[in-house]
Amino acid sequence: MGQKVVVPDNPTPAQLMHLLAVCSNEIATLADKVMSYRQDAALKQTALKRAMARAKVKYSGSGTVDIVRAKVELDPAVVLAQDEYDIADCVYQIAKGEFDGYDAQFTALRKQAEIRKTEMSRING
């Protein structure tokens, strides 16, 4: 997806600033994508619920509750809607995981930068 952030063992202040900038840019980009993917998954979930409701009406009275439930789950429109929702949710979860990873790395980099700042202020008096 985005630029990979590799933190050196003993980063200089300039390297830390660069890595913080990269992380914050990736977080901003991913935040937009995550929101878009979440909206898409929500729309697909609504479509699934509607397909299931239509199928329940279509198959009501055609047997026991278990048979109706099975027919609903096997209805072509429900199967398609379920597949589309599963894909959209998977894409959302992957993007959210990547966002969370960059967010955690950004927090760690900020802490490293704060430690480096404290170390430098002690050395320089």
message: Please list all pairs meeting side-chain hydrogen bond (donor to acceptor under 3.5 Å, both in side chains) that have one or both residues in residues 39-48, counting only residues at least two apart or in different chains.
response: Asp40-Lys44

task: Please identify each residue that fulfils side chain to side chain donor-acceptor pair (under 3.5 Å) with Asp83, with sequence neighbours left out.
output: none

message: Restricting to side chain to side chain contact (heavy atoms under 4.5 Å, CB included), what partner residues turn up for Pro13, sequence neighbours left out?
response: Arg116, Met120

message: If I take atom NZ from residue Lys96 and atom CG from residue Leu30, how far apart are they, to the nearest 0.5 angstrom?
response: 11.5 Å

- prompt: With sequence neighbours left out, what residues match Gln15 under side chain to side chain donor-acceptor pair (under 3.5 Å)?
  reply: Thr12

- line: Closest non-hydrogen atoms of Ala77 and Ala51, given as atom of the first, atom of the second and distance, are O-CB, 4.0 Å

query: What pair of heavy atoms forms the shortest contact from Tyr59 to Val68, and how long is it?
result: O-CG2, 3.4 Å

- request: Can you see which heavy atom on Ala41 is nearest to which on Ala88, and at what distance?
  value: CA-CB, 3.8 Å

message: Does anything in residues 53-63 form a salt bridge (charged side-chain N to carboxylate O under 4.0 Å, His left out)? List the pairs, not counting sequence neighbours.
response: Lys58-Asp75

- prompt: What closest approach, in Å, do Cys23 and Leu109 show between heavy atoms, and which atom pair accounts for it?
  reply: SG-CD1, 3.7 Å

- prompt: What's the spacing between Leu48 CG and Leu43 CG if we round to 0.5 Å?
  reply: 12.5 Å

- request: Hey, could you give me the CD1/NZ distance between Ile94 and Lys33, rounded to the nearest 0.5 Å?
  value: 12.5 Å

- line: Between Val72 and Met52 the two heavy atoms that sit nearest each other are CG1-O, 4.1 Å

- prompt: What are the two closest non-hydrogen atoms of Leu20 and Ala113, and how far apart are they?
  reply: CD1-CB, 4.2 Å

- prompt: Gln82 pairs by side-chain contact (heavy atoms from CB on, under 4.5 Å) with which of Leu80, Asp86, Val79?
  reply: Asp86

task: Answer with yes or no whether the hydrophobic clustering places Tyr85 together with Tyr92; edges join I, L, V, M, F, W, Y residues whose side-chain heavy atoms lie under 4.5 Å apart.
output: no

query: Can you list the other members of the hydrophobic cluster that holds Ile115, where links are side-chain heavy atoms under 4.5 angstrom apart?
result: none

query: Does Ser36 reach the main-chain N or O of Asp32 with its side chain, forming a donor-acceptor pair under 3.5 Å?
result: no

